[in-house]
Amino acid sequence: MFRRPAARGESTVTEAEPERIPEPAVSVVIEDPAIESKNLSVWYRRKQAIKDVSLRIPRRKTTAIIGPSGCGKSTYLRAINRMNDTILGCRTTGEMLVEKEDAYGPNVDPVLLRRKIGLIFQKPNPFPKSVFRNIAFGIQLHYRANSGELEGIVKSALEQANLWDEVKDRLDESALGLSGGQQQRLCIARALAIEPEFLLMDEPCSALDPVATAKIEDLMFELRKEVTIVIVTHNMQQAARVADYTAFMYLGRLVEFNRTRDLFEKPREELTENYITGRFG
Amino acid sequence: MRPKSLRVRKAKEAAYLAGFVLAVLAALAVLGVLLWSIVAQAWPQLRWSLLTNYPLTDSTRVSEAGYASAIVGTLWVVGLTLALSLPLGIGAGIYLEEYARQSRISRVLQAGVTNLAGVPSVVFGLLGLALFVRAFGLGKVVLAASLTLTILVFPYVVITTREAIRAVPQSIRDGSLALGATKWQTIRKQVLPAAAPGLLTGSIIAAARAMGETAPLIVLGSIPLMQFLPWGPDSLFVVMPVQIYAYFKTGPAWHGVAAAGMVILLLILFAVNGAAVVLRNRLQRQRW
């Protein structure tokens, strides 16, 4: 159950030799962060994908990570719940504090870590099972539940993901028969069913049409009061719409972090400005 | 640049298509001739008593000869072989595909398994005779035959298991792991159900292989004139291919009976295949 790191753009290719990393422009201080990385670096074999990223992510807010392809934003997201562990040859250094505890510490079991940190993938990946079993799967991983309890949780998770009305008559049909947008909301419902404290979203709308995208964004808006959301996106309008805070990454390092509006209206770094005005990326 | 002629390109397409159709027809023709010649030879001897009578060598009573002991022996030997080889082979396939890191040891293991598939089957017969029959002292019994055939079909089960598991998209494993599933929960609840049709194909290959093997079982000491039904793993035994071979060797008068045995063997094979297809369809429905 491992794979080779996906071939990314050569922009991440850097030999592991000492390199001066410019200080990021961080204009806002996050007190009591839910997630905090300290000098986090991630390597795929000898290629460094993340360079010394220190970032504080606020609790029960939505934080967007933007940047051009290959800037390491997805890698950073997957470092939070240790999904990078499944990639052969991937190595992580530095600290990733999730609620003050280092996710890579000796006492942390990635299985328990992932249980409280939901992850939504770029391409909707429902299991080849019924709609009902897709949601029930996560619950049954962690609990012995009777069918009454299961039905209750499945219903409330689907309601929370604004999907219940569309699928209540086809709970026993294959989830693969749903539309792309419905599949993605099913994946969100699946994650919500086990009541995560965090929701990581890896370009969740890049495979969806504008209507389906709007539904997911509405959902994120509703959820942000309850869970800490981190969304990776290459769609800057999306970041501006849904995120309270935004981080801009480039070539594996953090360039700038600020309140979303401030970052887009008065970027401090030239790189950030060039990116958000569409001069590259 | 000179444009390529569309006529030439289309002519090439037609020529290749014709070649492929011809290849399929050639294969079908061989199968047809084989079936026809077997059935034509077997026709005078096809009778229900083939299933219930015991083997004979008396040439005046050819029409009373049967396969009762060989049919029961084949079912015992193949059944026990599957019971042993499927858990072993699927387990090894899961280990190699899901757990084994790409270390040197695991690569040596994989090469070993693949090479095992290329060993002539008679060698397994000699191994079985030396190891199971003599060293373990099992004697020339069903269990010794099944253990030998288990080694023989093991690589096929491993290879088909690995292919079936590899065909399951990584995104399903990721989705499961991201919900906090352990590796085993992911394998048991997502990977294996998704791979089930492929695993079943491996089982059919294993069954067909075990059913048709003759050489290792002759070496092992299958007795072609058995006058009783094998009763279990510790019983002496005869299997269909060995019995067919024995009849064939007895003389031209027995060729019809031998051909009839082949028809029976083919029918058993079709039945096993059919059962597997039904099971596979049901599994695919149950996935949602």
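Letters go in sequence order (proteins before strands), and every chain restarts at 1.
Between A/Leu141 and B/Gln185, the shortest heavy-atom distance links the atoms O-NE2, 3.1 Å. Nearest heavy atom pair, residue A/Phe121 against residue B/Gly175, reads CE1-CA, 3.9 Å. Between B/Leu179 and A/Ile194, the closest heavy-atom pair is O-CD1, 3.4 Å. Scanning both residues, B/Gly180 and A/His142, for their nearest heavy atoms gives O-CE1, 3.3 Å. Heavy-atom minimum distance, A/Pro128 versus B/Ile172: CD-CD1, 3.4 Å.
For CD1 of B/Ile105, the number of neighbouring non-hydrogen atoms (other residues, nucleotides, ligands) closer than 6.0 Å is 12 at most. Remark: A/Arg60 CZ is loosely packed, at most 12 non-hydrogen atoms of other residues, nucleotides or ligands lying under 6.0 Å away. At most 12 non-hydrogen atoms from other residues, nucleotides or ligands lie less than 6.0 angstrom from NZ of B/Lys12. Heavy atoms of other residues, nucleotides or ligands lying less than 6.0 angstrom from CD of A/Glu197 number more than 12. More than 12 heavy atoms of other residues, nucleotides or ligands shown are found within 6.0 angstrom of CZ on A/Arg170.
A distance of 12.5 Å separates CZ in B/Arg173 from CG in A/Asn125, rounded to the nearest 0.5 Å. To the nearest 0.5 Å, atoms OG (B/Ser171) and CD (A/Gln122) are separated by 12.0 Å.
For A/Leu113, no part lies near chain B; criterion is any non-hydrogen pair under 4.5 Å. Proximity to chain B (any heavy atom under 4.5 Å) is shown, for A/Arg190, by both the backbone and the side chain.
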(request) Evaluate the criterion side-chain contact (heavy atoms from CB on, under 4.5 Å) for residue pair A/Phe127 and B/Lys189; output intermediate values, then yes/no. (result) CA-CA 10 Å; A/Phe127 301 128; B/Lys189 299 292 181 188; over 6 Å; no
